[in-house]
Each structure stands twice: as C-alpha cells, then as structure tokens.
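Throughout, protein chains are lettered first and strands after them, A, B, ... in sequence-line order, and every chain is numbered starting at 1.
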2 protein chains.
Amino acid sequence: MNGRFAISMHILTLLAQANGEWLSSDFLAGSININPVLVRKELINLRNKGLLISREGKNGGSMLAKSAAQIRVSDIFLATRQGAFLGTSRNNPNPNCPVGKQITQHLNGLYQEAEEALLHKLGDTTLEDFSHRFN
Amino acid sequence: MNGRFAISMHILTLLAQANGEWLSSDFLAGSININPVLVRKELINLRNKGLLISREGKNGGSMLAKSAAQIRVSDIFLATRQGAFLGTSRNNPNPNCPVGKQITQHLNGLYQEAEEALLHKLGDTTLEDFSHRFN
DNA sequence: CATTAATGTAATTTATATTGTTACAGTTTT
DNA sequence: AAAACTGTAACAATATAAATTACATTAATG
C-alpha cells in the first residue's frame with residue numbers, strides 16, 4: 001500500500017489494544033521497529049485527522065479519539081495517502097498526439113473508479129475487527 | 001497506480017488504435033514523452049505477458065497480440081505490477097511484541113483482499129472500452 | 001552486399017521519494 | 001528542578017524510478 005499506511009495501522013492497532021492507556025511514541029516505535037520521530041510525525045497526522053489524541057509532558061502519549069469500532073480501515077487509508085495514491089503522474093505526454101493529449105484525464109478516471117472500489121472494500125473492516133485478528 | 005502501468009496503458013492504447021500497423025518504440029516514446037529505452041523495456045515485459053508482439057529490423061515495431069476487446073485493464077495491471085503492489089513492507093516489526101509479531105501477516109491479508117477488489121473493478125473495462133474513450 | 005531503420009540490452013548516471021537521524025525546544029508531572 | 005515526555009526543524013542516508021549512453025543484433029531494401 002504505502003509505508004505510512006502500514007505504520008498507521010500498526011500504531012492504531014496498538015492503541016486499540018491499550019485500553020485507555022496512553023502509549024508513548026518510544027513504545028510504539030519499539031514495536032514497529034522504526035525511529036520514534038517517524039512515529040511522532042505519523043501521530044501528528046492521525047491526530048489532525050481526528051483518529052487519536054495526544055498528551056504532552058511526563059506520562060504523556062497517545063490514545064484513540066474514538067472507539068476502534070468507529071474507525072474503518074478506509075478512514076486510515078484516506079488519512080495516510082498523500083494527495084493522489086494512484087497517480088501523481090508527473091509525466092507530460094505529448095499534447096500533439098491525440099492519445100497523449102487525453103491520456104492523463106482518462107487514466108485519472110480509471111484511478112478514481114479503482115480507488116472507490118478499494119475504499120468500499122476497506123470500509124468493510126473496522127479497526128476493532130482488525131485488532132481482533134490478533135487474538 | 002504505478003508509473004509503469006501508465007506507460008503500458010499508453011503504449012497499448014496507441015497500439016489498439018494503430019489498426020494493424022507496426023508502431024516503433026521511438027514513435028511510442030514520442031507520444032508518451034519518455035526515453036525510448038524505457039518504452040522498449042516495457043514492450044519486452046508486455047510481450048512476455050502475451051499482450052503484444054514485436055518485429056525486429058527495419059520496418060519493425062510492435063502490435064497487439066490479440067484484439068483490444070480481449071485485453072482487460074486488470075490484465076495490464078497484473079502485467080505491470082512488480083511482485084506485490086500493495087506491500088513490499090521491508091520493515092521488521094518487533095517479534096517480541098504480540099502485535100509486531102503478527103502485523104505483517106494481517107496487513108498482507110488486508111492487502112490481498114483490497115487487491116482482489118481492485119482487480120475485479122479493473123476487469124470490468126477492456127482495452128477496447130478504454131481506447132474508445134478517446135473518441 | 002552495403003545501408004538504413006529498427007529492436008535488444010547492459011551499464012551507468014541522474015532525479016526523486018522515502019526513511020532515518022540528530023538536536024533541541026516546549027510541556028507536564030512529580 | 002528533574003524527569004519523561006511530545007513537537008519540530010534541518011539534515012543525511014537509502015531506495016526506487018527514470019533517463020542516458022553506447023553498442024550489438026536483426027531485417028528490409030536499393
């Protein structure tokens with residue numbers, strides 16, 4: 001998918017299983033096995049998207065902003081994709097070619113349809129469902 | 001999606017509209033506006049996947065191996081994705097954490113489901129359908 | 001049979017995107 | 001005041017993708 005999606009799923013699964021405990025970015029980073037700063041950057045993003053809350057200072061950390069049953073995997077997907085997901089075509093097809101002139105537009109249409117199908121599928125699973133798979 | 005998918009769609013759309021003409025890699029590269037060597041690499045791949053045929057030497061080029069109606073966009077997607085598409089998680093979560101130990105497996109399950117939904121959707125459109133959108 | 005116009009392919013470089021690191025300021029609890 | 005956190009900027013390293021160069025090979029054609 002996207003490295004950030006995997007990190008966010010990991011973070012949120014840990015939070016879902018934390019039962020009201022504030023988990024520190026260092027603890028999360030230890031489970032994911034990545035640098036704590038990357039975790040904090042992801043935490044900031046997920047917080048901005050309303051999926052978790054954080055507390056600064058000693059005994060600080062993060063916890064879910066709502067119950068895991070209210071968070072769909074598609075929400076997490078949407079929260080972590082940067083702009084386009086399928087696309088970012090920084091290509092400049094030849095505008096003098098009938099195909100080149102239109103291809104970007106038609107590919108984008110295709111990407112949009114595909115993404116909708118993907119989102120629909122990911123909307124079937126909640127974070128709670130996912131987190132229960134670890135039992 | 002993937003830069004190679006876009007290139008392949010572009011190549012195949014041009015071939016679909018070529019009506020039995022052999023198109024050269026230089027011509028294709030001119031429409032896509034990328035280096036001809038990249039096009040040839042993609043042509044090799046698409047040929048190995050049975051989507052087109054090529055002819056060497058003077059007046060050589062490529063053409064579709066079958067009618068555009070027989071090629072689904074999902075075939076092209078499958079032909080261009082390298083190994084995993086959603087995934088390639090070269091991350092090593094902490095095996096001493098109950099979540100870290102299992103997350104890769106569960107994410108892969110999710111990716112597989114998502115990819116199936118995507119493929120199903122892309123299977124609804126043929127290269128012919130796509131190519132007709134340029135009229 | 002030499003010329004020309006193609007493909008095939010390896011090796012290398014360049015560009016871009018992703019991921020990781022360091023350092024330190026700010027916040028809150030004790 | 002000390003300790004344990006988060007927040008964030010600036011930078012470094014790595015990985016991936018794209019482009020380039022160079023040349024061998026193939027086949028048509030005059």
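- One atom, CZ of B:R4, and another, P of D:dA19, lie 14 Å apart when rounded to the nearest Å.
- Looking at heavy-atom distances under 4.0 Å, B:I34 makes contact with sugar-phosphate atoms alone, never a base.
- Contacts of B:K101 classified as side-chain hydrogen bond (donor to acceptor under 3.5 Å, both in side chains), with partners at least two apart in sequence or in another chain: none.
- A salt bridge between B:R40 and B:D26 is present, with a side-chain N of the basic residue lying under 4.0 Å from a carboxylate O of the acidic one.
- Within the structure, the ring-ring contact (aromatic ring centres under 6.0 Å, His included) test picks out the following pairs touching residues 112-135 of chain A (sequence neighbours left out): A:F130-A:F134, A:F134-B:H106.
- Evaluation of the side-chain hydrogen bond (donor to acceptor under 3.5 Å, both in side chains) rule for A:S131 yields no partner, not counting sequence neighbours.
- One interatomic measurement links the two molecules: CD1 of B:I7 to C1' of D:dT16, which rounds to 14 Å at whole-angstrom precision.
- When the P atom of C:dG26 is taken as reference, atom CD1 of A:I44 falls 16 Å away, rounded to whole Å.
- The side-chain hydrogen bond (donor to acceptor under 3.5 Å, both in side chains) test applied to B:E116 returns no partner, not counting sequence neighbours.
- Atom CG of B:L38 and atom P of D:dT21 are 13 Å apart (whole Å).
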- [ ] Step by step, work out the side chain to side chain donor-acceptor pair (under 3.5 Å) result for B:N45 and B:K41.
- [x] CA-CA 6 Å; B:N45 177 52; B:K41 282 179 184 165; over 6 Å; no
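- Here the side chain of B:N35 is nearest to one of C:dT7, D:dA19, C:dG20, namely D:dA19.
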Listed pairs under 3.5 Å, donor-acceptor, residues 29-37 of chain A side chains, sequence neighbours left out:
{"unit_1": "A:S31", "atom_1": "OG", "unit_2": "A:H10", "atom_2": "NE2", "d": "2.8"}
{"unit_1": "A:N33", "atom_1": "ND2", "unit_2": "B:N92", "atom_2": "O", "d": "2.8"}
{"unit_1": "A:N35", "atom_1": "OD1", "unit_2": "A:V37", "atom_2": "N", "d": "2.9"}

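- Contact check of residues 45-68 of chain B against DNA chain C (heavy atom, cut-off under 4.0 Å) returns B:R47, B:R55, B:E56, B:G57, B:K58, B:G61.
- Here side chain to side chain donor-acceptor pair (under 3.5 Å) pairs that include residues 55-64 of chain A, with residues two or more places apart or in two chains, are A:S54-A:S62.
- Atom NZ in A:K41 sits about 12 Å away from atom P in D:dT8, given to the nearest Å.
- Note on A:L43: nothing from the nucleic acid sits closer than 4.0 angstrom, heavy atoms only.
- Contacts with DNA chain D (heavy atom under 4.0 Å) in residues 22-32 of chain B: none are found.
- B:D124 pairs by the side chain to side chain contact (heavy atoms under 4.5 Å, CB included) definition with B:K121, not counting sequence neighbours.
- Computed from coordinates, the A:R40 CZ to C:dT22 P distance equals 13 Å when rounded to whole Å.
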